[in-house]
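Reviewing the structure listed below.
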Amino acid sequence: MPAAFDCVTRKPQRAEVFSAPSDLSPASLLHQIIAVGSGLVATYSNRGWWPRHQRQNARSLLRRIQILLTLFEFLLESHRTLPPLANLCLEEFYVIVHRARFLLDYFFQSSRLWVLLRNQMISCQFHELEHDISTLLDVLPLNELGLTADVREHIELLQQQVGSAVLRFDSRDEKLRVKVLSFLNEFKEQRQPDTADLKTTFLDRVGILDAMDFESEIKFLEDKFYNNRESDSETDLATIAGVIAVARYSKFLLFGIHETVEGKQKYRNKPAPNSISVSSDFCCPISLELMLDPVVVSTGQTYDRSSIAQWMASGHKSCPNSGQTLVNTDLIPNRALRSLTSHWCAANSVPCRSVQGSNGCATTLVAAKATVEATRAITQILIQHLSTGDLNSKKAAAGEIRLLAKIAKENRIIFAEEGVIPHLSLLLHSQNQIAQENAVTALLNLSIHDANRRKIINQDGCLTSIVTVLRHGLTPESRENAAAAIFSLSTLHDNKKLIVDEPGGAEALAWMLRNGSTTGKKDAVMALFNLSMHPESWERMVDSNAVEALVGALEEEIVAEAAAGALALLVRRSIVAGLLGWEEKAVMGLAGVMRTGSSVGRQNAAAALHEIGRRGGTVVGKEVAGVSGMSAWAPTVPLDGTKRSRMKASALARILQRREVVTPPPTTTMAVAVSARVTGYRKRFES
């Protein structure tokens, strides 16, 4: 990112932000003013390329600064003692040249579409600077400065020009801004804009020349949308989202879908969705996500603005939470809750964006509906490439879905509704590394939405294909993302039995837990933890070597907590408790986690050991009680944790103190079953 880019992530600075240094002499102050002004002129006056929009205002400001420089250079070279009023004016000129620098940097380094959307604000900023220059020239005591005739002539001419300057809105820019926004209305009415009209507007009038230009525009607007550092923006977030969708649609329609090096990097570098636990009081009842701009509807219920706007734009007339009829579409900001969520965001380093300065609910609803329809149109283009395109088109389309599904909940919903899942499932069999990786990661990102998890698991052959990638994926990233996809799918109870019964699934997760990267191991152990919650999973978990892998994971700090938790669930079955109780490595591993693990890890280990001692039989219970140091560690576990975990740890402590087991030895049938499984289990450990 260019060093100067940071200055365009916020609004051009107003006068009160700057102040002249109080300890500088007039000569030093003149030196600094000349340095900044000369830098501006040198940087921008001789540019071969100028933005198409706001060009007249920018050139006019640079000419004003050039003329002022002749005054400042004369004063510096004359070595005259300046009157007090002139010194005060110099301090104000210092502020003006810095404001001009920020404004010109903002103008030149913003994207074309952003300058267009902010046309009125930028014009006002230019006019405000000219007005302030006019005021200072009126106050400046020209008669007391000993100016030469030519310098005075230039300054007086400038005085006349800025004194008569008016606020300039370039009519062509304003018409173009309205034209771009008109595409939102077309999408809102479920009409796709004419291709020739899009081409004329974006290529010929806006000046976007190719797909890379479109990508740069979209990237800039997305930064504005997700960071929103201009909270008083005249352009609300819904409108920005709509323009992003229209630009992306136009890019695909006019230039097709092409994978670039930059595109490959953005798939890997985009931050993952926030995983911080959020209080339900701050979550929107519709999206179940953090309300960054809470609003109150006519029924008195509070929702996030974007979610309720999309709800209304879809034609709903009732309140989602209460079911009452909405008597109007007014959205009243919930400022008290907004303040609380803002403080929470600041405390947890979560980006906090709002739509303050919105042009009203009607505009927001139009833009929200337009974004949905434009995204649907984008999806159809992507599906066409996935179904009929060549390999390059397919992998690029999957890459776009991969990215877009990660950055927005609405995209995940629309992609699944429009039918991308079957096409991605087929692409999992590709022998192209990038195509396979994009497909499995796109499914992973789609699975973040609950309803999509059901669609993915119910898609014929999709789970089998994901497991195949987990076992035989062409790249480590593909295999790891397949593990992450299974972890995501396994969070739904109905999916657990389907996954654990899928041939090779549990085995592949066990392999990943033993041999994967740090990320792969974390996803694998969490998937196994989720699968262990199902009461019928234990037999497959034992036979697939998953229990063995969980025992081995007890020795690795990064996964020990979840591994102990999974084992604590599995040992609720007496056979599993007997198996682990007879295996010294399992008992010692759990004891080690209980001694040195995290708070939750210690609770999980204590729960597992309690179940082993309680359900594994008399001999196993005594083996657990006989572990060196166990009696000293167990009483420390109840100091923290849930009520249930404290009860388990207390029960374990009592067992250890009395060296007894609360259940009778297993029946003859169970003893035979345990003995048989122990034999096979130990063979696997020894091998």
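Just so it is clear, the values below take in all heavy atoms, side chains as well, and ignore hydrogens, waters and symmetry mates.
For the residue pair Ser111 and Glu217, a side-chain donor N or O sits within less than 3.5 Å of a side-chain acceptor on the partner. No side-chain donor from either of Asp197 and Thr200 sits under 3.5 Å from a side-chain acceptor of the other. A donor-acceptor pair shorter than 3.5 Å cannot be found between the side chains of Glu480 and Thr519. For the residue pair Thr464/Glu502, the side-chain donor-acceptor check at 3.5 Å is satisfied.
Across all non-hydrogen atoms, the minimal contact from Leu569 to Phe529 is CD1-O, 3.8 Å. The two residues Ser250 and Phe214 have their closest heavy-atom pair at CB-CZ, 3.8 Å. For Gln436 against Leu474, the heavy-atom pair with the smallest separation is OE1-N, 2.8 Å. Taking every heavy atom of both residues into account, Gly505 and Leu470 meet most closely at O-CD2, 4.2 Å. Taking all atoms of both residues into account, the shortest heavy-atom contact from Ala397 to Ile257 is N-CG2, 3.8 Å. Contact record, Leu444 with Ser488: CD1-CB, 4.4 Å, taken as the closest heavy-atom pair.
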**OP:** Check step by step if side chain to side chain contact (heavy atoms under 4.5 Å, CB included) holds for Trp114 and Asp223.
**Re:** CA-CA 11 Å; Trp114 183 248; Asp223 179 74; over 6 Å; no
Original post:
Are Leu221 and Leu113 close enough, and set up right, to give a side chain to side chain contact (heavy atoms under 4.5 Å, CB included), and what steps lead you there?
Top reply: CA-CA 8 Å; Leu221 293 176; Leu113 287 174; 4.1 Å; yes
Subject >> Full working for side-chain hydrogen bond (donor to acceptor under 3.5 Å, both in side chains) between Asn481 and Thr441 >> reply: CA-CA 6 Å; Asn481 289 344; Thr441 312; 2.7 Å; yes
Subject >> side-chain hydrogen bond (donor to acceptor under 3.5 Å, both in side chains) between Thr302 and Asn334, intermediate numbers included >> reply: CA-CA 7 Å; Thr302 296; Asn334 188 334; 3.2 Å; yes
**OP:** Go through the steps for Thr475 and Ser478 under the test side-chain hydrogen bond (donor to acceptor under 3.5 Å, both in side chains), then give the verdict.
**Re:** CA-CA 5 Å; Thr475 66; Ser478 294; 2.9 Å; yes
Subject >> Glu373/Lys188 under salt bridge (Lys or Arg N to Asp or Glu O under 4.0 Å): CA gap, chis, key distance, verdict >> reply: CA-CA 6 Å; Glu373 296 305 324; Lys188 185 255 181 185; over 6 Å; no
Original post:
Ser490 and Asn495: side chain to side chain contact (heavy atoms under 4.5 Å, CB included), yes or no, with the steps?
Top reply: CA-CA 6 Å; Ser490 68; Asn495 292 352; 5.9 Å; no
Original post:
Taking it one step at a time, do Asn445 and Leu403 satisfy side chain to side chain contact (heavy atoms under 4.5 Å, CB included)?
Top reply: CA-CA 8 Å; Asn445 294 339; Leu403 171 66; over 6 Å; no
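Remark: of the listed residues Glu215, Glu400, Glu222, Glu222 is the sole one forming a side chain to side chain donor-acceptor pair (under 3.5 Å) with Arg248.
Within the 4.5 Å cutoff, no side-chain heavy atoms of Thr329 are placed close to those of Val297. A 4.5 Å side-chain heavy-atom check between Ser110 and Val115 finds at least one atom pair inside the cut-off. The side-chain heavy atoms of Leu443 and Cys462, taken from C-beta on, include a pair separated by under 4.5 Å. Between Thr375 and Glu410 there is no side-chain heavy-atom pair separated by less than 4.5 Å.
The number of heavy atoms from other shown groups lying within 6.0 Å of NZ (Lys496) is above 12.
Ile413 is linked by a side chain to side chain contact (heavy atoms under 4.5 Å, CB included) to Lys409, Glu417, His449, counting only residues two or more places apart in sequence or in another chain.
Between Asp450 and Arg453 there is a salt bridge, since a side-chain N of the basic residue sits under 4.0 Å from a carboxylate O of the acidic one. Under 4.0 Å is where a charged nitrogen must lie from a carboxylate oxygen, and between Glu507 and Arg471 no such pair does. Residues Asp390 and Lys394 are not paired through a salt bridge, judged by the lack of any N-O separation under 4.0 Å between the basic side chain and the carboxylate.
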Can you list, pair by pair, the side-chain donor-acceptor contacts under 3.5 Å of residues 418-425, counting residues two or more places apart and other chains?
{"unit_1": "Glu418", "atom_1": "OE1", "unit_2": "Gln380", "atom_2": "NE2", "d": "2.6"}
{"unit_1": "Glu418", "atom_1": "OE2", "unit_2": "Arg376", "atom_2": "NH1", "d": "2.8"}

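In terms of modelled atom types and a separation under 3.5 Å, the side chain of Asp293 and the main chain of Arg305 share no donor-acceptor contact. Looking only at distances, a side-chain donor or acceptor of Asp210 sits under 3.5 Å from a matching main-chain atom of Asp213.
Considering CD1 of Ile381 and OG of Ser393, their distance stands at 12.5 Å, rounded to 0.5 Å.
Aromatic rings from Tyr249 and Phe183 are positioned such that their centres are separated by 6.0 Å or more.
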